[in-house]
Amino acid sequence: MAKYQIATIEGDGIGPEVCRAAVKVLQEACGLDMLAFNDFPGGAAHYVKSGAVLPEDTFNACKQSHAILHGAAGLPEVTYPDGTEVGNDLHLQLRFKLDLYANVRPIRLYQGDFSPLKNRTAGEIDYIIIRENTEGLYASRGAGVLLRGEVATDTLVMTRKGVERVAKFAFELSRKRHGAPADGKRRVTVCDKANILRSYAFFRAVCTDVAQGYPDIELDYAYADAITVHLIKRPDFYDVIVAENMFGDVISDLGAATVGGMGIAPSGELGDHNGLFQGAHGSAPDITGLNVASPLATILSGALMLRWLADRHADQALLDAAQRIETSVEKTLAQGRAIPRDLGGMASCTEVTAEICRNL
Ligand code: IPM
Ligand code: MN
C-alpha cells in the first residue's frame, strides 16, 4: 500500500496530457511505493455528459486524499445561463469547499533566455505571489446581482480572519526563503488599492498588524496598478507578494509572462487540511490531443505538492524527490535539448517529460 494517496482530476483540454506527464515524473522521482494516483472525473466535458462539474464521489475523494493533482478544466463553449464558465466551477468549488485559502504562485526565471524582458537572466526573477483564494471579489461568484438586464453588481468581501491567515502564510513563507534577488532582503509586499477603497485599506491594515510579528521581514506596499510596472521594470526587488483574490489572479499571469508564460507557472492552493496542485494555465482546448502542450507547469506543481506533503508529514524522502524534480527541470531547460513550444522550442509534451525523467 502506497504511503500517500493522490487524487487526480485530469479534466479538460490539455489537462489529461499534462496531468499524466506529471504523474510519470512523480512516479519516476518517488518510486512506485510512495504515491498512489487515483483519477476521478470532473470539469466541463464531464458536466456535459453528467450534469456535474464536480461529482460528489470526486469531491469526497479529494477531501480524503493526501493531496490533489489537477490537469486543467474549462471549455469556453460550456457555460451556465448567467454566462460564467462551467469548468472554472471545478476549481472554485474545491477552493471554497476545502477552504484552500492560500494560492501559492512561484514566479521564477530559469536559465535559457525565456524572459521577454531585456537583459534578465536566471535567478534575477524569483518571487512568490500569495493570492488570497477564498474571498475578495470571488466571494461574489454566483451571488452577484443581475437586475432586469440593466444592472449587474458583484461585492468584494474582506474578512479579518481571511486576510490575517493569508498574510501570516506570506510572512512565514518569506522567513523560509532566501530574500529578494536584488538585495537578499526577506520582504513581503502587500498589493492592494488602499488609496481608493476601504476594503483594500482594511486588507492593508490587517496585513500591517500581522507584520508586527515579523520584525525580521521588511514590509513593503504596492498599489495593484503600480506593481504591474514594477514587475516589469524591477522584478528582482520582490520576494513574496500578498494580494486579494482578483488582484492575485491578474498579477500572477503578468508575473508568469515575464518568465516565459503560463506553461512555466505552477501553483499550489493550500488550506489547513487539503492541497490542490495544478499549472496556473488553462485547458488550452485549441491544442488538445496534439502532444504540444508544455507539461512543465504541472510537473513543477507536482514538486510543490511533494514539498507540501514533506512539510506536513516530516518526510525527507519527499523533500529530496521534490528537489530532484526541480533540479531536473532546471537542467532540462539549461541544456536546451527538450524545450517546449511555448518557450521557443520544438519538443513535444512526451519528449519534455522523457527528458525530465532522464535528468532526474
Ligand atoms: C486561475 C484561473 C482561475 C481563476 C479560473 C480557472 C477559475 O484563472 O487559477 O488563475 O480565475 O482563479
Ligand atoms: Mn487566472
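First listed ligand is number 1; within each ligand, the first listed atom is number 1.
Under 3.5 Å, the side chains of Glu330 and Thr327 contain no donor-acceptor pair of N or O atoms. Asp315 and Tyr4 share a side-chain donor-acceptor pair at under 3.5 Å. For the residue pair Thr189 / Asp220, a side-chain donor-acceptor distance below 3.5 Å is found, with atom types taken as modelled.
Within the cation-pi definition used here (under 6.0 Å to the ring centroid, within 45° of the axis), Arg187 does not qualify as a partner of Tyr127.
Under the 4.0 Å criterion applied to side-chain N and carboxylate O atoms, Arg186 and Asp239 are not assigned as salt-bridge partners.
For Asn195, the CG atom sits in a packed shell: over 12 heavy atoms of surrounding residues, nucleotides or ligands are nearer than 6.0 Å. Around atom NZ of Lys24, no more than 12 heavy atoms belonging to other residues, nucleotides or ligands sit under 6.0 Å away. Within a 6.0 Å sphere centred on CD of Glu77, other residues, nucleotides and ligands contribute more than 12 heavy atoms. Enclosure of atom NE2 in His178 by more than 12 non-hydrogen atoms of other residues, nucleotides or ligands within 6.0 angstrom is indicated.
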As a test of reading the model: which N/O atoms of the protein lie under 3.5 Å from N/O atoms of ligand 1, and at what distance?
{"from": "ligand 1", "atom 1": "8 (O)", "to": "Asp249", "atom 2": "OD1", "distance (Å)": "3.3"}
{"from": "ligand 1", "atom 1": "9 (O)", "to": "Arg95", "atom 2": "NH2", "distance (Å)": "2.9"}
{"from": "ligand 1", "atom 1": "9 (O)", "to": "Arg105", "atom 2": "NH2", "distance (Å)": "2.7"}
{"from": "ligand 1", "atom 1": "10 (O)", "to": "Arg105", "atom 2": "NH1", "distance (Å)": "2.9"}
{"from": "ligand 1", "atom 1": "10 (O)", "to": "Arg105", "atom 2": "NH2", "distance (Å)": "3.2"}
{"from": "ligand 1", "atom 1": "10 (O)", "to": "Arg131", "atom 2": "NH1", "distance (Å)": "3.3"}
{"from": "ligand 1", "atom 1": "10 (O)", "to": "Asp249", "atom 2": "OD1", "distance (Å)": "2.8"}
{"from": "ligand 1", "atom 1": "11 (O)", "to": "Tyr138", "atom 2": "OH", "distance (Å)": "2.6"}
{"from": "ligand 1", "atom 1": "12 (O)", "to": "Arg95", "atom 2": "NH1", "distance (Å)": "2.9"}
{"from": "ligand 1", "atom 1": "12 (O)", "to": "Arg95", "atom 2": "NH2", "distance (Å)": "3.4"}
{"from": "ligand 1", "atom 1": "12 (O)", "to": "Arg131", "atom 2": "NH1", "distance (Å)": "3.1"}
{"from": "ligand 1", "atom 1": "12 (O)", "to": "Arg131", "atom 2": "NH2", "distance (Å)": "2.6"}
{"from": "ligand 1", "atom 1": "12 (O)", "to": "Tyr138", "atom 2": "OH", "distance (Å)": "3.4"}

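With waters neither drawn nor counted, the protein N/O/S atoms under 2.8 Å from the Mn ion (ligand 2) amount to 1.
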